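What follows is a single structure, written as structure tokens, with notes after it.
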Amino acid sequence: MFLEVLNEHDPTKAWPAMIRENRGGYLKLAYVGTSKESKEYFYLWYTHWRLHPLGWALSKKLSLKPPEALVSENSQKTISQWNGYQQEAFKSSAEKPLPVDFFKDQKDIKEHYFLIGMKMEAVNPKRQWEIGPATVSKVFNKYFFLVRMDDHKGGNLPVQFICYQDCPGIFPVNWCRRNGINIAKPPGYDVQVYRWQDYLKYCKSLSAPERFFRTHTEHDHKIQRGMKLEAANPLMRNGKMYVATITKIIDRYAWVHFDGFRYPNVIVDIESDTLFPVGWCEANNNPLRVSSKLLPIKKPKVSVVWNDKTKRSLHGTPMSPGRDLYQRLQSHKGDEGESASGKGSILIPKVFFNHKCFSGPYLNKGRIAELPKAIGPGMVTLVLKEIMSLLINAAYKPPRVLRELQVENDETAGMNGHLQVMKAKYKGKSYRALVEICKVADNVEQYLREMCIKLECCPNLVSFKCVQETCSEDCWQLTKTKYTYYYGKKKKAVKLGRPPGRQSNLEFGPKKPGKRRKKRKPFVHRKKHYSPNGSDETKDGNENMETENSNETDNVHHGKLETGVVLPRLEFKAGKTPLMTRARALVMSAKRTKHIPTKMMLPPRERGTKMKTFAAILNAGRGKSKEKKHKKDKEKHRTKRNDVLELDSNPLHWDVDRVTEFIKGTDCAPLSRLFKEQEIDGQALLLLTLPTVQECMELKLGPAIKLCHHIERVKIAFYENFA
């Protein structure tokens with residue numbers, strides 16, 4: 001397949017090129033007229049601005065001429081031969097045309113407004129880690145212009161490159177100073193401190209306006225410092241992909257370090273077509289190069305030949321753990337009389353996870369079902385260590401299981417088995433504990449059973465038996481609460497409620513002696529009764545009461561009793577019961593009556609007038625309290641109605657201007673511009689919450705709460721009137 005490629009130094013010229021290879025859109029191209037054996041090829045991404053379909057140059061009235069470098073290498077070829085190569089390319093492209101949607105992702109180039117002589121800052125193409133002053137040296141047309149790096153020495157070939165509107169690698173004046181980057185001084189301009197004002201006066205030129213440049217990305221790239229990627233090295237131009245790391249990001253530019261290379265970080269546009277995510281090369285069969293400095297050094301293998309003397313001397317020296325294990329395994333294989341699970345064996349058969357068995361209160365049944373069906377066969381310590389780690393990770397709370405399995409007595413730890421440090425992670429924290437693991441295969445079955453009992457699960461959950469349907473322990477009948485009665489730790493049932501009788505609850509410790517509260521005596525109104533003789537019948541009785549119950553009468557007469565008690569009106573007939581009995585009856589009736597929390601004051605009574613009954617006084621007090629409550633309810637209702645928003649239209653049908661007008665009418669008027677910028681209409685307004693307001697509008701907590709208060713008022717009015 002063929003396409004047209006614009007000249008790298010002159011965009012008014014183009015020449016056909018053939019696609020030698022396509023790897024996920026990264027094209028390997030060669031100009032028409034080069035031999036197949038030639039290595040003169042270059043790499044471009046399929047959406048590059050230089051690539052166009054055949055015939056595009058003629059439609060834009062551009063000239064079809066081979067590049068000067070290609071002509072100088074093939075100087076023996078004539079013009080007619082170059083024209084023949086061009087015609088052959090057009091014929092072959094007619095037979096095998098490019099796909100119709102090949103250039104659909106290519107962006108259109110906008111018109112620029114740059115003029116000759118304008119100054120700017122640009123990345124040096126030959127030293128792509130430096131930014132220096134540059135000048136617009138030529139304007140080809142309304143789409144392309146030429147930028148040359150400033151050089152006041154002369155004598156060197158000018159460093160220049162083609163640019164267009166929104167082109168990466170060019171910056172407005174003082175961009176480096178604003179972002180804290182050192183700008184490279186142009187050769188021949190010797191000053192201690194570089195300032196653009198002085199340099200513009202020195203060159204007698206003007207700077208390009210800042211609006212001509214695009215320094216920010218159109219989309220949120222979410223690339224951060226320290227991320228790894230795959231990238232083509234712009235300094236090598238060999239099309240090879242290397243491992244790279246992002247070291248710094250400013251606006252739309254990233255400083256990329258190619259791992260293993262010594263030269264400084266290269267400045268690359270984040271939207272560049274030379275940056276690829278990790279795994280792109282593997283997905284597109286493109287080899288990824290790694291620097292030889294990053295590859296591990298292979299140590300040469302050395303064969304050791306033992307003499308007879310050294311062999312004899314080795315028998316007396318202790319062997320290394322690896323060699324000791326190897327010899328033990330060899331001796332185990334050679335021992336035919338001893339089975340795999342026999343006495344002293346270090347190998348055990350498969351250990352099964354029976355997820356249908358009861359899992360107990362600590363282990364998650366769903367996670368156990370995801371575990372492998374069996375572990376082993378293998379060495380005892382390795383298999384048990386793997387089982388332990390799987391059970392710990394399958395728990396609701398891994399530290400809880402680790403605590404159940406850890407060594408209880410430090411003095412006897414390691415006497416019956418191998419000590420192993422086990423780890424557990426829970427909520428970002430790591431826990432470690434010593435666990436004793438069985439060493440001999442004979443004791444593994446009992447060890448697994450004890451481990452299951454510690455975890456309060458079925459003994460067959462982890463065992464040598466493979467449970468198919470029903471467990472021999474009938475654990476399917478058990479629940480997480482009742483299972484401890486059978487295998488687990490028997491816990492005493494704690495009775496709820498108050499213990500009966502005078503039984504002391506010693507489980508929770510003796511109660512602290514508290515201060516003895518003083519009983520308040522009820523307020524009693526006593527009515528005097530007169531005998532037929534006219535003498536005060538209660539006079540002597542009252543004197544006796546004062547001697548016996550002096551505390552009660554003192555508290556009543558001195559006003560120390562604050563809570564009054566309303567009693568029913570009691571009448572006693574004279575001569576039937578003694579006065580002391582009447583006083584006790586009054587006290588007992590006061591205990592039986594209900595206490596009213598409000599204080600009641602008896603009105604003063606004049607001589608000769610009848611006193612109102614307690615019922616009348618109570619009814620009068622209740623009436624006043626009802627009126628007060630009614631007034632309070634009315635006031636609350638008024639305040640609520642004042643807070644409720646009255647809307648003239650349905651907020652679901654509000655447009656952006658109507659929402660902005662509503663916000664302007666509140667105390668959050670300065671935030672109305674945010675609603676207009678974010679294009680929030682009525683439907684979006686009703687969906688706003690406090691988290692979304694804080695995140696999307698970047699508001700502090702105080703203004704966000706105020707704004708959400710007004711939004712809630714709109715929601716309440718909507719539900720009351722329009723929903």
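Residues take their numbers from the sequence shown, with the count starting at 1. The analysis underlying the following values was restricted to heavy atoms, covering all of them including side chains, and did not include hydrogens, waters or symmetry mates. Fair warning: this is a prediction, and the values are worked out from it, not measured in the lab.
In this structure, C708 and V693 have side chains that are in contact, with non-hydrogen atoms separated by less than 4.5 Å. Taking 4.5 Å as the limit, some side-chain heavy atom of I437 sits within range of a side-chain heavy atom of Q420. V467 is listed as a side-chain neighbour of C357, based on a closest heavy-atom distance under 4.5 Å. Between F353 and V462 the shortest side-chain heavy-atom distance falls below 4.5 Å. Annotation: side chain of L275 is not in contact with side chain of I223 (no heavy-atom distance under 4.5 Å). Side-chain atoms of L674 and E677, non-hydrogen and from C-beta on, do get closer than 4.5 Å to each other. Contact check for M697 versus F675: side-chain heavy atoms found under the 4.5 Å cut-off. H216 is not listed as a side-chain neighbour of R252, based on a closest heavy-atom distance of 4.5 Å or more.
Residue E445 qualifies as open at atom CD: its count of foreign heavy atoms under 6.0 Å is 12 or below. The number of heavy atoms from other shown groups lying within 6.0 Å of NZ (K248) is above 12. For N182, the CG atom is loosely surrounded, since the number of other residues' heavy atoms within 6.0 Å does not exceed 12.
Checking side-chain atoms of K356 against main-chain N and O of Q468 turns up a donor-acceptor pair under 3.5 Å. N124 places a side-chain N or O within donor-acceptor distance of the main-chain N or O of K126, the cut-off being under 3.5 Å. Side chain of Q106 to backbone of H48: a donor-acceptor contact under 3.5 angstrom is found. In this structure a side-chain-to-backbone donor-acceptor pair under 3.5 Å is missing from Q406 to E436.
Residues passing the side-chain hydrogen bond (donor to acceptor under 3.5 Å, both in side chains) test with D105, sequence neighbours excluded: Y46. Taking the side-chain contact (heavy atoms from CB on, under 4.5 Å) definition, one finds that K240 meets it with N238, Y242, R289, sequence neighbours left out.
Nearest heavy-atom pair across S359 and K365 is OG-CB, 3.9 Å. Residues W129 and N265 share a closest heavy-atom pair of CB-O, 3.0 Å. The nearest pair of heavy atoms linking K228 to V278 is O-CG2, 3.4 Å. Of all heavy-atom pairs between I392 and P398, the closest is O-CB, 3.3 Å. Across every non-hydrogen atom of G360 and C457, the tightest pair is N-CB, 4.0 Å. Here the closest non-hydrogen pair linking P459 and E473 is CD-CG, 4.2 Å.
Checked for salt-bridge contact, K107 and D166 miss the test: no charged N lies under 4.0 Å from a carboxylate O. Under the 4.0 Å criterion applied to side-chain N and carboxylate O atoms, K454 and E450 are not assigned as salt-bridge partners. Under a 4.0 Å N-O distance rule, the pair R367/E370 does not qualify as a salt bridge.
Between the side chains of N460 and S472, at least one donor N or O sits under 3.5 Å from an acceptor N or O. Judged by distance alone, the side chains of S430 and K425 never bring a donor and an acceptor atom under 3.5 Å apart. For the residue pair N286 and R23, a side-chain donor N or O sits within less than 3.5 Å of a side-chain acceptor on the partner.
Ring to ring, F464 and F352 are not that close: their centroids are 6.0 angstrom or more apart.
Separating the CD1 atom in I375 from the CG atom in L390 is a distance of 5.5 Å, to the nearest 0.5 Å. Considering OG1 of T689 and CG of L686, their distance stands at 12.5 Å, rounded to 0.5 Å. Residue F258 holds its CZ atom at 11.5 Å from CD of E230, rounded to the nearest 0.5 Å. Taken from OH in Y431 to CG in L402, the straight-line distance is 10.5 Å, to the nearest 0.5 Å. Note that CZ of R177 is 11.0 Å distant from CD1 of I183, once rounded to the nearest 0.5 Å. To the nearest 0.5 angstrom, D251 atom CG is 9.0 Å from I270 atom CD1.
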Apply side chain to side chain contact (heavy atoms under 4.5 Å, CB included) to the pair L229 and V243, showing each step before the final yes or no.
-> CA-CA 6 Å; L229 46 82; V243 179; over 6 Å; no

Applying salt bridge (Lys or Arg N to Asp or Glu O under 4.0 Å), run through E404 and R400 and close with a yes or a no.
-> CA-CA 6 Å; E404 292 292 330; R400 185 71 178 87; 2.4 Å; yes

Please test I368 against N364 for side chain to side chain contact (heavy atoms under 4.5 Å, CB included), starting from the C-alpha separation and ending with a verdict.
-> CA-CA 6 Å; I368 291 176; N364 190 335; 5.9 Å; no

Report the C-alpha distance between K706 and L671 in whole Å, list the side-chain angles of each, state the deciding distance to 0.1 Å, and finish with yes or no for side chain to side chain contact (heavy atoms under 4.5 Å, CB included).
-> CA-CA 11 Å; K706 289 182 182 179; L671 304 178; over 6 Å; no

Y426/Y396 under side chain to side chain contact (heavy atoms under 4.5 Å, CB included): CA gap, chis, key distance, verdict | CA-CA 9 Å; Y426 184 63; Y396 293 108; over 6 Å; no

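Using cut-offs of 30° and 60° on the angle between ring planes, the pair W175 and F171 is parallel.
Within the structure, side-chain hydrogen bond (donor to acceptor under 3.5 Å, both in side chains) contacts touching residues 270-283 (residues at least two apart or in different chains) are R214-E271, S272-T274.
Cation-pi geometry between K28 and Y41 is satisfied (NZ or CZ under 6.0 Å from the ring centre, within 45° of the ring normal).
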